[in-house]
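The basis for the numbers below is simple: all heavy atoms, side chains too, and nothing from hydrogens, waters or symmetry mates. Naming: A, B, ... by sequence-line order, numbering from 1 per chain. Keep in mind that this is a model prediction, so the values were computed, not measured.
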2 protein chains.
Amino acid sequence: MSDATARPPVRRRRMSRAERERQMLDVAETVFTERGYKATSMDEIAERCGVSKPMLYEYFGSKDGLLLACMSRVKAELLDVTQKAMAGAGSPREVLRRGMHAYFGFIDSHSRSFAMVLSEPLAAPPETAETIEATRRQQSTLIAGVLAVFAPSAPRAAIDAHTEIIIGACERLALWRTGRPDVSVADAAQYMTDFCWHGLSPYLDD
Amino acid sequence: MSDATARPPVRRRRMSRAERERQMLDVAETVFTERGYKATSMDEIAERCGVSKPMLYEYFGSKDGLLLACMSRVKAELLDVTQKAMAGAGSPREVLRRGMHAYFGFIDSHSRSFAMVLSEPLAAPPETAETIEATRRQQSTLIAGVLAVFAPSAPRAAIDAHTEIIIGACERLALWRTGRPDVSVADAAQYMTDFCWHGLSPYLDD
DNA sequence: GCAGTAACTTACTCGTAGTAGATTACGCGA
DNA sequence: TCGCGTAATCTACTACGAGTAAGTTACTGC
């Protein structure tokens, strides 16, 4: 009866490294999403993992490191989903539309509010910022690849610039959708695709 | 001789509220830019103002508040510059190009690295994030207004969406330019304008 | 059963955001 | 020129959270 009375029998299983790491990432992702990066304390994440703080540091080195790990995982998943969606398409335009649809759909369903964290959180030292940029670059590479295939005649600088333009536009639009439940995933994908294809010209009256 | 020996005669003038506020914002902007948001301590800003920490809190309430005030000021200036640049143009396309040019030019000359702070710093509580969004919305309103004039036939939702797309693209492109000194202000403005006008279609080979 | 190691903990330090309450300098009327 | 009120300012704290050093426990293979 010694444990039943004193403390609720918190099941503190030992876990393998990989198992624990995954669990920590899951918890951290949840808490960061709930509270925001700054308002989250390492102590709280540790507690909700049923583990003590130094464990987190053992695994991720720092609070920034933990956030970074979360983001890397999510971004990798996002990249994968996007890539797969694009694979099945025929026309260039369809490739783009499907990619966009997958992108917005992922952010929407997976963790709508985590999108905030994704696009905002850097209070971080420049080093961390750079790492995040690097992750983003993967996404860029995908887009840039697509553009390069579609437009082999375009100079490199133009491709890079347009890649940044498209990524920025997507991220911002995704963020905006957070407060606009009336705009569906398909709508957003359509807006982006149309805009990429013809810009504003369809709307212009002259 | 009493002050000359003991301590360097730090000129600690008293200032009026408005005067001190401006000075604090100047210093804070500089330090945030130098060190990044997180790595900057309120003590350091206070010291470089020749003032003690509680003064900063008296004026801005919190570290987030101070950052926010900096950003508001810069954004207001940016908005102003952009607006003025657009005023003098004839054709719609020229309006856009001039606006873009002013935008990138401002970020470039005024505080290239502060652009990082502008687009990153939110480790802030949601409330602060919202305030920043509100500031950004001013910029949005400008763009949306322009779009509405150019394309009176477009539905409201489309205008809003395109506004977000354009803002996101601009911010991202500005950030990207930070690491690409070879891309001039004019280049960036041109990329954005062209893309807004016709999207990718000029590059597509089909 | 008994190493040996890998998972895990307790119990700290240190830096920095934020605050309570005393204090000083300046403007202004007599 | 002298006080006197008030606004600007300071000293001296507390609180909390990131990060760490060094020790402790539980599985794993022999």
Side-chain angles (χ1 to χ4, degrees), chain A residues 2-3 6-7 9-25 27-28 31-32 34-70 121-128, chain B residues 2-3 6-25 27-28 31-32 34-70 121-125 127-128:
Chain A
S2 55
D3 17 316
R7 47 179 67 190
V10 223
R11 216 69 227 84
R12 297 202 162 200
R13 260 186 63 232
R14 266 181 189 211
M15 292 181 177
S16 74
R17 215 172 167 86
E19 202 179 357
R20 184 61 87 189
E21 180 171 324
R22 250 199 62 204
Q23 183 223 12
M24 284 171 170
L25 286 176
V27 170
V31 183
F32 281 145
E34 279 176 19
R35 291 237 199 301
Y37 178 72
K38 189 174 176 179
T40 301
S41 78
M42 292 297 265
D43 284 297
E44 178 173 359
I45 294 176
E47 194 185 346
R48 284 170 70 162
C49 286
V51 123
S52 68
K53 202 168 44 162
M55 280 283 92
L56 291 174
Y57 285 91
E58 167 85 23
Y59 279 69
F60 303 103
S62 68
K63 189 181 178 184
D64 286 332
L66 178 54
L67 175 67
L68 210 57
C70 286
L122 300 246
E127 180 230 311
T128 307
Chain B
S2 54
D3 21 316
R7 46 179 66 191
V10 220
R11 212 84 218 81
R12 296 203 164 201
R13 259 185 64 231
R14 263 177 193 213
M15 292 181 180
S16 74
R17 216 170 168 90
E19 202 180 356
R20 184 62 86 186
E21 181 173 322
R22 251 199 61 204
Q23 183 223 11
M24 283 172 172
L25 286 176
V27 171
V31 183
F32 281 144
E34 277 176 21
R35 290 239 197 298
Y37 177 73
K38 190 173 174 180
T40 300
S41 78
M42 292 297 266
D43 283 300
E44 177 172 359
I45 295 177
E47 194 186 347
R48 284 169 69 163
C49 286
V51 124
S52 70
K53 200 167 45 158
M55 280 284 91
L56 291 174
Y57 285 90
E58 167 85 22
Y59 278 69
F60 302 103
S62 68
K63 190 180 178 186
D64 286 332
L66 177 55
L67 175 66
L68 210 57
C70 287
L122 301 246
E127 179 231 311
T128 307

Using modelled atom types and a 3.5 Å cut-off, is there a donor and acceptor pairing between side-chain atoms of B:Lys63 and backbone atoms of B:Thr40? yes
Rounded distance (Å) that lies between atom P of D:dA21 and atom CD of A:Glu58: 12 Å
Can you tell me the distance, in whole Å, between the CD atom of B:Glu19 and the C1' atom of D:dA7? 14 Å
In chain order, what residues pass the salt bridge (Lys or Arg N to Asp or Glu O under 4.0 Å) check against B:Glu19, with sequence neighbours excluded? B:Arg13
From C-beta outward on A:Ser52, which listed nucleotide comes closest to its side chain: C:dT9, C:dC26, C:dA7? C:dT9
Separation of A:Arg17 atom CZ from D:dC27 atom P, in whole Å? 18 Å
State which residues pass side-chain contact (heavy atoms from CB on, under 4.5 Å) with A:Phe60; sequence neighbours excluded, sorted by chain then number. A:Glu21, A:Met24, A:Leu25, A:Leu66, A:Ala69
Respond yes when some side-chain nitrogen or oxygen of A:Arg20 is under 4.0 Å from OP1 or OP2 of C:dC8, and no when none is. yes
Any residue meeting salt bridge (Lys or Arg N to Asp or Glu O under 4.0 Å) with A:Arg17, in chain and number order, not counting sequence neighbours: A:Glu58
Between protein and nucleotides 16-20 of chain D, what N or O pairs are separated by less than 3.5 Å?
unit_1 : atom_1 : unit_2  : atom_2 : d
D:dA18 : OP1    : A:Thr40 : O      : 3.3
D:dA18 : OP1    : A:Lys63 : NZ     : 3.1
D:dA18 : OP2    : A:Met42 : N      : 3.0
D:dA18 : N7     : A:Lys53 : NZ     : 3.2
D:dG19 : OP2    : A:Tyr57 : OH     : 3.2
D:dG19 : OP2    : A:Lys63 : N      : 2.9
D:dG19 : N7     : A:Lys53 : NZ     : 2.9
D:dG19 : O6     : A:Lys53 : NZ     : 2.8

To the nearest Å, give me how far apart CD (A:Gln23) and P (C:dA7) are. 14 Å
With sequence neighbours left out, the residues meeting side-chain contact (heavy atoms from CB on, under 4.5 Å) with A:Arg48 are A:Val27, A:Thr30, A:Val31, A:Glu34, A:Glu44
Should the side chain of B:Arg14 and the base of C:dT24 be counted as holding a donor-acceptor pair, with the cut-off at 3.5 Å? yes
For B:Leu56 and D:dC10, give me the distance from atom CG to atom C1', rounded to whole Å. 13 Å
With A:Ser62 via side-chain contact (heavy atoms from CB on, under 4.5 Å) - residues at least two apart: A:Asp64
Distance in angstrom units between A:Met55 CE and D:dA21 P, rounded: 14 Å
Rounding to an integer number of Å, can you tell me how far B:Phe32 CZ sits from C:dA17 P? 9 Å
